[in-house]
Amino acid sequence: MAYETLIVEVEDDVALIRLNRPDALNALNSKLMTELSAAVQAADRNDAVRVIVLTGSEKSFAAGADVKEMAGKSFTEVYFDNLFGPEAEAIARVRKPMIAAVSGYCLGGGCELAMICDFIIASDTAKFGQPEINLGIVAGMGGTQRLTRCVGKSKSMDMHLTGRFMEVAEAERCGLVSRVFPAKDLMAEVMKIAKKIAEKSLLSTMAAKECVNRAQESGLSEGILFERRVFHALFATEDQKEGMAAFMEKRQPQFRDK
Ligand code: HXC
């Protein structure tokens, strides 16, 4: 399917979804959010896809929600439209692993979108921020919640109250970013990581994602019980038998998602 604000390619089990509004530093407007939620849901349903990578350009992952589109809206409009709520929820409901590959600006709704992904791999030029405070608003796609769970209250408050940008070294140090690569190597490295994940059993990558997300969304004992039950359930799969047999036979496993 052709999109106006995205470029989507599926190759070697990986769907690469690139935000593509270069004139606006990939600011998230309604069209882009509608197309993005449709594209990730299509990738989630597509049997040829085992991992999704979401990226922008070298200059900007996304510079936030489109201020020009939002500026004139009233409370009544954004409330009744539930601005970006359904799209963000649809993206967060994706069950396959989803990596954000971030270069350049990753601000406001852009940072929130990256945090909805399962993990963030960044280039050395990435800059993160929640600058909504400078516009007289607050984050609206989960930023106050996800950033706080990720980096703790103190740094999250700092980011949301000052609106400052965080360089990538700080982002890696505080756990917002899992790995950093030089900008020129970012996409090649992310695709290698995505393909590595795509080689695993899809049953266990999806189960691992569900379990880790429980840590964000539930108390410790409930999360541990959930994880244990999923762990037990995976013993009903052929991939568990194959994975453990391959280990004992000193060979690579051949997973069949069964
Ligand atoms: C609309 C944007 C934009 C945005 C940049 N542009 N960010 N348009 N919405 N969020 C446009 C600029 O207007 C400009 O268009 C072009 O992209 C290039 O941007 P410049 O500002 O000229 O580039 P530069 O000087 O390099 O500065 C980059 C920047 C700055 C630091 C990223 O653009 C900036 O501060 N942008 C806004 C960041 C922000 O406040 N984000 C949070 C938005 S609120 P023209 O036509 O002039 O060339 C949000 C809430 C989420 O995200 C809630 C979700 C529900």
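Here the structure is a predicted model, which is why all the values come from computation and not from measurement. Numbers here simply count residues along the sequence, with the first being 1. Just so you know, ligand 1 is whichever comes first in the structure, and atom 1 is the first atom listed for that ligand. What you see below is based on every heavy atom in this structure, not just the backbone, and it leaves out hydrogens, waters and symmetry mates.
- By the criterion of a heavy-atom distance under 4.0 Å, the side chain of Leu107, and not its backbone, is placed next to ligand 1.
- Atom 20 (P) of ligand 1 is not flagged as protein-proximal [any protein heavy atom, distance under 4.0 Å].
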*Output, in order, the C-alpha distance, side-chain angles, deciding distance and verdict of side chain to side chain contact (heavy atoms under 4.5 Å, CB included) for Val8 and Leu16.*
CA-CA 6 Å; Val8 180; Leu16 175 62; over 6 Å; no

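- Between Arg214 and Glu222 there is a side-chain heavy-atom pair separated by less than 4.5 Å.
- Looking only at side-chain heavy atoms (C-beta outward), Thr148 and Lys155 stay at 4.5 Å or farther from each other.
- Looking at heavy atoms from C-beta onward, Leu32 lies out of side-chain contact with Glu4 at the 4.5 angstrom threshold.
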*Could you walk me through whether Asn20 and Leu6 pass the side chain to side chain contact (heavy atoms under 4.5 Å, CB included) check?*
CA-CA 5 Å; Asn20 187 37; Leu6 309 174; 5.7 Å; no

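- Looking at ligand 1, you'll find an N or O of Val67 within less than 3.5 Å of one of its N or O atoms.
- Close contacts of ligand 1 with Glu132, meaning ligand atoms under 4.0 Å from a residue heavy atom, involve 44 (S), 49 (C), 50 (C), 51 (C), 52 (O).
- Contacts between Ala27 and ligand 1 below 4.0 angstrom, taking non-hydrogen atoms only, involve the side chain exclusively.
- From the protein, the heavy atom lying nearest to atom 26 (O) of ligand 1 is Tyr105 OH, 3.7 Å.
- Taking every heavy atom of both residues into account, Val180 and Val177 meet most closely at CG2-CG1, 3.9 Å.
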*Check against side chain to side chain contact (heavy atoms under 4.5 Å, CB included), Val14 and Val53*: CA-CA 7 Å; Val14 179; Val53 173; 3.8 Å; yes

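- Distance check on atom 34 (C) of ligand 1: every protein heavy atom falls at or beyond the 4.0 Å cut-off.
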_Audit row: Val230, Glu210, side chain to side chain contact (heavy atoms under 4.5 Å, CB included) steps and yes/no_ = CA-CA 9 Å; Val230 172; Glu210 267 191 285; 5.6 Å; no

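- Asn82 contributes no side-chain N or O that, together with a main-chain N or O of Gly85, makes up a donor-acceptor pair within less than 3.5 Å.
- Distance remark: protein heavy atom not present below 4.0 angstrom from atom 24 (P) of ligand 1.
- Counting only heavy atoms, the protein gets under 4.0 Å from atom 41 (N) of ligand 1.
- Close approach of ligand 1 to Asp66 is summarised as follows: ligand atoms under 4.0 Å from at least one heavy atom of the residue are 1 (C), 9 (N).
- Using a 4.0 Å cut-off to heavy atoms of Leu135, the atoms of ligand 1 that qualify are 40 (O), 43 (C), 44 (S).
- Side-chain atoms of Ile121 and Ser178, non-hydrogen and from C-beta on, do get closer than 4.5 Å to each other.
- The shortest N or O to N or O distance between Gly108 and ligand 1 is not under 3.5 Å.
- In terms of protein heavy-atom proximity, atom 53 (C) of ligand 1 is nearest to Gly140 N, 3.5 Å.
- For Leu83, no nitrogen or oxygen atom sits less than 3.5 Å from a nitrogen or oxygen atom of ligand 1, counting backbone and side chain alike.
- The distance criterion of under 3.5 Å between nitrogen or oxygen atoms is met by Gly109 with respect to ligand 1.
- Taking a cut-off of under 4.0 Å to the non-hydrogen atoms of Phe84, the atoms of ligand 1 that pass are 54 (C), 55 (C).
- Polar contact with ligand 1: present for Lys68 (N/O pair, distance under 3.5 Å).
- Screening residues 59-96 for ring pair (Phe, Tyr, Trp, His ring centres under 6.0 Å) gives Phe75-Tyr79 as the qualifying pairs, with residues at least two apart or on separate chains.
- Within the 4.0 Å cut-off (strictly below), a protein heavy atom is located near atom 13 (O) of ligand 1.
- Among protein heavy atoms, the minimum distance from atom 37 (C) of ligand 1 is reached at Ala63 O, 4.0 Å.
- Interface atoms of ligand 1 facing Glu112, defined by a heavy-atom separation under 4.0 Å, are 51 (C), 53 (C).
- When Asp257, Asp12, Asp13 are each tested for a side-chain hydrogen bond (donor to acceptor under 3.5 Å, both in side chains) with Arg50, only one passes: Asp257.
- Ranking protein heavy atoms by distance to atom 6 (N) of ligand 1, first place goes to Ala24 O, 3.8 Å.
- Nearest approach of Lys96 to Met206, heavy atoms of both residues: CA-CG, 4.2 Å.
- Distance check for atom 30 (C) of ligand 1: every protein heavy atom is found at 4.0 Å or beyond.
- Every atom of ligand 1 with a heavy atom of Asp23 under 4.0 Å away is listed here by number and element: 15 (O), 16 (C), 17 (O).
- Hydrophobic cluster membership differs between Val51 and Leu36, with clusters built from Ile, Leu, Val, Met, Phe, Trp and Tyr side chains linked at under 4.5 angstrom.
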